[in-house]
Amino acid sequence: MKPAPASLRHRVERLRAEIERHNRLYHVLDNPEIPDAAYDRLMAELRALEQQHPELVVPESPTQRVGGSPVPEFAEVRHQLPMLSLDNAFAREDVEAFDRRVRERLETDEQIGYACEPKLDGLAVSLTYRDGLLALGATRGDGTIGEDVTHNIRTIPTVPLRLSGRGWPDLLEVRGEVFMSSAGFDEMNRRANEKGEKIFVNPRNAAAGSLRQLDPRLTASRPLEIYFYSAGRVEGKPLPDLHSEILKVLRGWGLRTSPETQVVTGVDGLLGYYEDIGRRRSSLRYQIDGVVYKVDSIEQQRRLGFVARAPRWQIAHKFPAEEEMTTVRAIEWQVGRTGALTPVARLEPVFVGGVTVSNATLHNIDELKRKDVRVGDSVIIRRAGDVIPEVVRVIIEKRPSKSSSVRLPQKCPVCGSAVEREEGEAVARCTGALTCPAQLKESLRHFASRRALDIEGLGTRLIDQLVDAGLVRNPGDLFKLTVEQLANLDRMGDRSAANVVESLEHSKQTTFARFLHALGIRDVGEATAEVLAQHFRSLDALRSSPAEAIEEVPDVGPVTAGHVHAFFADSRNAKVIDALIQHRVRWPAVQGNSMRDSPLSGKTIVLTGKLSTMSREEAGDHIRKLGGKVAGSVSKNTDLVVAGGDAGSKLKKATQLGVKVLEEAEFLKLIGRKR
DNA sequence: TTGCCTCGAGATCA
DNA sequence: CTCGAGGCAA
């Protein structure tokens, strides 16, 4: 093939620039200059030229949005700056309190400038541009680690593959919300319906599902959009010092921001914005579940800082949750792992807040009595806090004439054992322990779960069958199962059965902490299991300890210590544990850094700056594991400050107060981690 | 709590 | 083709 002549190269460049300009006019500025057909002709010409001269193709060419080949799996991405969650406000008082807190912390009586925007119902993503080219697109994940979905992000027409304009930093991380417009969603479903394909139930799930496709061609066929709402990591050039100005420069680089953003002053401004958007909510092109307020000044944001996992300078003001009426078909009692009886309302299915709700927990007997929900009642349902369905109230006028209050059962509805309710406790419990099939099933689920023994393939269905068939009466029985027994069950062939036996075998090699966690002792979750393991080091030491000795463990109080001691004192539990050990469930000896001789034990430590080898969360976990406490700010009570790169005011304060400061390398040595 | 995607494997039908 | 497990997101 002949190399492309310079004139052709030039033409290709011109075409790309032209197409990108029209993209920007169309998607970002919402102001197209040429008809679609003319745009299509430009694209067609570019495609033809690139086909004839493949050496001219570059990844950022507008023709390369769909990279072609599916990815084998999603890679993990660590967010350099964590993607935090945000606090919620539901009532105007919450907003007033927010504004008051902000002014108190900033020690000002002046009205605060706030940047406001709608809170879109989509999913948060982080995009990284290096030298102006899209390099990475990732989901939020847990805020620290997300998934690499670059191949799918590239297919979104409103995402520029190359930044336009000038003056962008060498490295720019931007955050935004990927969503589907209501019209796009309806149109997509209409087409899917015509073709007899399955339709999506709501735009949010459709958008989330689309980003999780392995094959970008499928994603490209979904009407995804994006609005950017903030900058993350920036290197090489500072951004403006007002949030609203940052949004402006982002827009200048072709990154679409919400046209509804607005800067207001003071709490009245916030509430006015909320009402304005609320009035226009139904005429917006997309679904929103509230609005977001941010302190506009970046300097003020910095001074306000963070609390736990949310910044103090922003808050989401949610619209009231959508409510629907339905009827109660039944009220059932669920028996949990610890025997706790929970009343659950089985409802006539009703579509509310984008999903079909047919169950709603009533939490406990007190809650049930307070609301006096009865079978046959008409009730108001909403999805509280985004997720969990809630019975708001009963419509008394519609109550059937002969109905009666639900009472706490005297006997366990599953096994018939006595039900006990301790003085002053809200929960009632079945006393059947592992003889109760419900408790047994839940215990086994917990035992096999990922953070416990992690037995792959042992799911709900299989556990139900094993218990119902009488094959398993306690966790120890799991390890007696044979391929033949398993293969006899529903939907279990030889292959599946062998896989389960294999993963059971695999799960026997565990850690002391996981083992303790798996036992399901009351009040012993992952964290407590970890400190118990560190403190006692061996099962025998723990088993033979009196409650007082267990109480010596940091963060373990008399109640938890009592539960732990009682658990091991129970001969039924002892038998199960012995059986597990007999089946060679085992773990490596717990290593050196016992809490007692750890250098961090009882120390208060502050982390500042970026560590190169781990996230702050991880560093915090290490410290806590070694008996230390992590604090957010430096004071005279601080024993130690760990300074990573770019450490700021906390380091300064530490020096002022004469607090000992450790570099990352020294810290790693201290926690017994080498580089 | 629900909905979505992916994967492995069992069930079903030609 | 269908189902269950497992993982993710809000």
Residue mapping more 5' on DNA chain B - nearest nucleotide basis, Thr361(A) or Gln213(A): Thr361(A)

From dG3(B), dG7(C), dC5(B), pick the nucleotide closest to the side chain of Arg450(A)? dG7(C)

Here the distance between atom C1' of dT2(B) and atom CD of Glu322(A), to the nearest Å, is 15 Å

Using whole Å, what does the distance between atom P of nucleotide dC5(B) and atom CG of Leu218(A) come to? 9 Å

Short side-chain N/O contact from Thr356(A) to OP1 or OP2 of dG3(B), under 4.0 Å: yes

If I take atom CD in residue Glu73(A) and atom P in nucleotide dC5(B), what distance separates them, rounded to the nearest angstrom? 19 Å

Would you say that Val357(A) contacts Val355(A) through its side chain, given a criterion of any heavy-atom pair below 4.5 Å between the two side chains? yes

How close or far is atom C1' of dA5(C) from atom CG of Asp464(A), stated in whole angstroms? 13 Å

Atom CZ of Arg212(A) and atom C1' of dG6(C) are separated, to the nearest Å, by 11 Å

Within-4.5 Å side-chain heavy-atom neighbours: Leu466(A) and Leu489(A): yes

Let me know the distance between CG of Asp142(A) and P of dC8(C), rounded to the nearest Å. 9 Å

Rounded interatomic separation in angstrom, taking CD from Glu147(A) and P from dC4(B): 18 Å

Is the phosphate of dC5(B) approached by Lys198(A) (side-chain N or O, under 4.0 Å from OP1 or OP2)? yes

Restricting to nitrogen or oxygen on both sides, can you table the protein-nucleotides 7-10 of chain B pairs closer than 3.5 Å?
{"residue": "dA9(B)", "atom": "OP1", "partner": "Arg495(A)", "partner atom": "NE", "Å": "3.4"}
{"residue": "dA9(B)", "atom": "OP1", "partner": "Asn499(A)", "partner atom": "ND2", "Å": "2.9"}
{"residue": "dA9(B)", "atom": "O3'", "partner": "Ser496(A)", "partner atom": "OG", "Å": "3.3"}
{"residue": "dG10(B)", "atom": "OP1", "partner": "Gly493(A)", "partner atom": "N", "Å": "3.2"}
{"residue": "dG10(B)", "atom": "OP1", "partner": "Ser496(A)", "partner atom": "N", "Å": "3.0"}
{"residue": "dG10(B)", "atom": "OP1", "partner": "Ser496(A)", "partner atom": "OG", "Å": "2.8"}

Describe the nucleic acid contact of Ser358(A) in one word from base, sugar-phosphate, nothing, applying a heavy-atom distance below 4.0 Å. sugar-phosphate

Is Asn359(A) near enough to dT2(B) that one of its side-chain N or O atoms lies under 4.0 angstrom from OP1 or OP2? yes

I need the minimum non-hydrogen distance between Ile315(A) and Ala89(A), along with the two atoms involved. CD1-CB, 3.9 Å

Among dA5(C), dA9(C), dC4(B), the one nearest any side-chain atom of Thr139(A) is dA9(C)

Does any donor atom in the side chain of Glu173(A) or Ser126(A) lie under 3.5 Å from an acceptor atom in the other side chain? yes

Arg586(A) side chain to Gln509(A) side chain, donor-acceptor N/O pair below 3.5 angstrom: yes

Categorize Gly354(A) for me: base, sugar-phosphate, or nothing, with a 4.0 angstrom heavy-atom threshold over every strand shown. nothing

Within the 4.0 Å heavy-atom criterion, would you say Ala124(A) contacts the bases, only the backbone, or no part of the nucleic acid? sugar-phosphate

Any idea which heavy atoms bring Leu211(A) and Asn152(A) closest together, and the distance? O-ND2, 2.8 Å

Rounded to the nearest Å, what distance is computed from the CG atom of residue Asn152(A) to the P atom of nucleotide dC8(C)? 16 Å

Do Glu442(A) and Thr338(A) have side chains that get closer than 4.5 Å, going by heavy atoms? no

With a non-hydrogen cut-off below 4.0 angstrom, is Gly122(A) in contact with a base, only sugar-phosphate, or nothing? sugar-phosphate

For a quick check under 3.5 Å, do Asp454(A) and Ser507(A) share a side-chain donor-acceptor pair by atom type? no

Hey, does Ser210(A) reach any base, or is it just sugar-phosphate, or nothing, if we go heavy atoms under 4.0 Å? nothing

